Amino acid sequence: MSDPFSLDDESPAPFRPAPPRPPVAVPADAPWLAGLNPEQHQAVTVTDGPVLVLSGAGTGKTRVLTSRLAQILAGGRAQPWQCLAVTFTNKAAREMRERVGHLVGPASESLWLGTFHALCVRILRRHAEAVGLKSNFTILDSDDQLRLLKQVMEAEGIDAKRWPAQAIMGTIQRWKDRGQPPDKVGGAEAGDLAGGRAADLYRLYQDRLRLVNACDFGDLLLHCLTLFLARPDILADYQGQFRYILVDEYQDTNVAQYLWLRLLAQKHRNICCVGDDDQSIYSWRGAEVGNILKFERDFPGARVIRLESNYRSTPHILAAASHLIAHNAGRLGKTLRPGLAHDPDQTRKVRVRGVWDGPEEARVVVDEIEAQQRAGQSLAGMAILVRAGFQTREFEERLITTGVPYRVLGGPRFYERQEIRDAMAYLRLVNSPDDGLAFERVVNLPKRGLGDAALQMVHTVARARGLPLFEAARLLVETDELKPKPRTALTRFCDDVLRWRSNLETMDHPQLADLILDESGYVEMWKADKSPDAPGRVENLGELVRALGEYDSLEQFLDHVALVMENDSRTDTDKVVVMTLHGAKGLEFDSVFLPGWEEGVFPHQRAMDEGGLAGLEEERRLAYVGLTRARRNLLITFAGNRRIYNQWQASLPSRFLDELPEAHVERQADRGLHPGGAPSWKRPAEVATWAVPERRKTSDFDEGSRVLHPKFGPGTVLAVDGDKLEIAFDKAGTKKVLDSFVELM
DNA sequence: GGGTCCCCGTTTTTT
DNA sequence: ACGGGGACCC
């Protein structure tokens, strides 16, 4: 291939079949082959050549991946270190390593198994010089990235008010996701973002990163690609090494990751990608469903294996999910079949329930949770899955008042907390002298009387002499440039850092961290803070020092933290979990509650406004992910009225509700919500069965009718569309509402 | 250099 | 309504 960065589909590299290998010497009764269905068996045993496994929700994907690795290793087709297995999350990587370990024993330890980013770090640490970095480069978190970009913008005189750094960062990240280094970005690509200078800022930002010997997450992939391109010898080594490549969640790969895989698979062409186009829900962060859709074109002669037997959900749930997702165009096409026997008398239809407003919705859901609990179900098997974070509040309130134990997932993660990042900056500064971002972060923390003026001066010296900030500071305090007070403070700070650094060799690292946090006054700062969350922060700092003890060295720890920014969310006691639909991907629960199925909330208004039809289809896939999380019980709810930004909004049931198959769904709505029913604005006390939604029924209202709405007050009907009315309210403005909410005046 | 006031945005998140 | 961040003033 002349240009490995080319995405030109016209000329795929010629397909060379893998060299013939000896027949598989694995006994047919190998334990990892036991109990596989025919499709799974095929996905495990067809080890050579390109394979795409389309694996629907709950079809045993992880089992196939781990068994396949066992098959390759046990068959003597490759040594563990010749196998590359890539995942997206650390959790998935950990799980896979553990399960392969059970099948093949210690051999699993030398597999190249990890996240894209961790594997790239492993490669880059070896060849850092080839891309202009030192081997001990720092991996920046999003905080530092943004600060660095802001510095560049300020130096370039870009108005941060007009062009938010966040937005420019987003653009840069998309470029990196697409595998485009600064010199491959067309000048006009960002439009008039930053006055047409976005591409310049990208280049300067990259220069700056290199200067401080740092990478952001996107760079890990991008630098790897650059390395492979610049050094065909190095690429050839890796291509030769990786006889077998496995990729999990292929539908989530971005272009950079796709190019990376395509380069590495070039020689042996034994690449197996597992994924589900129907569960692609991350396009907004650069994932390209296209990668999975065009696999057969990229790897001619590829085997495509569909896993459609679902071992998770009841037939009703599967039917609902399949029916809904069938409304999407451009799918590879898959239909989930029940893989387990289900007693039709024992399985319940999917329930859809309409309620008056948000608080009522929370009441209904939590009532149901309590009912199921009384029936002997465990809370740990129940989940409330919301579209967006703001929806969790009402459920939390209700769960607290009823005393149902719960856990909200997705708060700020441990290593993203301010106090942890600050402490980490201290450790980074001690560990690597040229980490200028760490220096800036802690030089005046706690307050030492070093403000912008002093810092500015340090920057000036650093730029003039080409020194790291810390070295510049040491030089500066030797002069009379600074006023006495800041000078003393900065001298003291530099001396402290040097002293801590001198302890690196002699002291064990948790002890050193303890010393640093103590002598710097950082812990003291929080102890003196009287805000309510300060004690928690002190506790977190203790936790950090403890965690440090689990690593062999400070360096190892810093790398781990940069790559594994996760909560060790203990799945401790019996609690209902509340989380976003995105967060629930890959999980399963006996009972799933899906609230907020209203137009504008789900599908989310912004997804439709910004993504058009493609946005809507991604929302639908998200709905599909939600439905397929449930093993036995599924309750979907929507509210007729919702308060958003403290304003009451009338809401219409989600279009996704109309896309569920009648035969498998049981619909109920509070009286007064029934489309076409007698209008009533009284808070409903009883519940009526709502059979089939009749969307196009003629309305009792005409244009010009004067009507009264319980929350918006009086208004005039502007337009009638079936059961939907557009009404100009006297006070609340023009809104669309269901006719059942208003009455004639 | 630190505090106060105002204005803006307010989907989803991993590494 | 509310919180976070930036600008401005003391």
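We name chains A, B, ... by the order of the sequence lines, and we start the count at 1 in each one. What you see is a predicted model; the values in this text were computed from it and never measured.
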> Of all residues at least two apart in sequence or in a different chain, which pass the ring-ring contact (aromatic ring centres under 6.0 Å, His included) check with A:W112?
Replying inline: A:F242
Nearest-nucleotide pick for [X], side chain only, options being [options]:
X	options	result
A:E610	B:dT14, C:dA1, B:dT11	B:dT11
A:R285	B:dT11, B:dT15, B:dT13	B:dT13
A:N646	C:dA1, C:dG6, B:dT12	C:dA1
A:A607	B:dT13, B:dT15, B:dT11	B:dT11

>> Give me each pair satisfying salt bridge (charged side-chain N to carboxylate O under 4.0 Å, His left out) with a member in residues 245-259 of chain A, each pair once, sequence neighbours excluded.
In response: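 Only A:K61-A:D248, A:K61-A:E249, A:E249-A:K585, A:D252-A:K585 qualify under salt bridge (charged side-chain N to carboxylate O under 4.0 Å, His left out).
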> Any side-chain N or O of A:N90 less than 4.0 Å from the OP1 or OP2 oxygen of B:dT15?
Replying inline: yes
> When rounded to the nearest Å, what value does the distance between P atoms of B:dT11 and C:dG4 take?
Replying inline: 16 Å
For the pair made of [atom1] in [X] and [atom2] in [N], what is the distance, rounded to whole Å?
X	N	atom1	atom2	value
A:D252	B:dT15	CG	P	12 Å
A:H582	B:dT14	NE2	C1'	12 Å
A:R393	C:dA1	CZ	P	13 Å
A:Q257	B:dT15	CD	C1'	9 Å
A:D144	B:dT15	CG	C1'	15 Å
A:D609	B:dT12	CG	P	16 Å
A:L220	B:dT15	CG	P	13 Å
A:F88	B:dT14	CZ	P	13 Å

Just call it for [X]: base, sugar-phosphate, or nothing, with non-hydrogen atoms closer than 4.0 Å on any strand.
X	result
A:L450	sugar-phosphate
A:G449	sugar-phosphate
A:K150	sugar-phosphate

> Of A:R448 and A:L622, whose closest DNA chain B nucleotide lies nearer the 5' terminus?
Replying inline: A:R448
> A:A453 or A:T115: which one's nearest nucleotide on DNA chain B is closer to the 5' end?
Replying inline: A:A453
>> A:E397: which residues meet the side chain to side chain contact (heavy atoms under 4.5 Å, CB included) condition with it, sequence neighbours left out?
In response: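 Once residues adjacent in sequence are excluded, the partners of A:E397 under the side chain to side chain contact (heavy atoms under 4.5 Å, CB included) criterion are A:R393.
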>> If we check salt bridge (Lys or Arg N to Asp or Glu O under 4.0 Å) with A:D144, which of these qualifies: A:K150, A:R421, A:R428?
In response: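 Of the listed options, the one satisfying the test is A:R428.
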>> Checking A:N444 now: which residues fulfil side-chain hydrogen bond (donor to acceptor under 3.5 Å, both in side chains) with it, not counting sequence neighbours?
In response: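 Residues passing side-chain hydrogen bond (donor to acceptor under 3.5 Å, both in side chains) with A:N444: none at all.
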> Between A:S55, A:C273, A:S280, which is the residue that forms a side-chain contact (heavy atoms from CB on, under 4.5 Å) with A:Q251?
Replying inline: A:S280
>> Tell me which pairs pass side chain to side chain donor-acceptor pair (under 3.5 Å) where either residue lies in residues 612-627 of chain A, with sequence neighbours left out.
In response: A:S283-A:E618, A:N328-A:R620, A:R387-A:E619, A:E618-A:R621, A:R620-A:E659
Between the protein and nucleotides 3-10 of chain B, list every N/O to N/O distance that falls short of 3.5 Å.
none

> Do we see A:Y282 stacking on the base of B:dT14, given a limit of 5.5 Å between centres and 30° between planes?
Replying inline: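 Taking the rule of under 5.5 Å and under 30°, the ring of A:Y282 does not stack on B:dT14.
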>> Centroid distance below 5.5 Å plus an interplanar angle below 30 degrees: do A:H604 and B:dT11 meet both conditions?
In response: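 The base of B:dT11 is stacked with A:H604 (centres under 5.5 Å, planes under 30°).
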> So, for A:F137 and A:H223, is the gap between ring centers shorter than 6.0 Å?
Replying inline: no
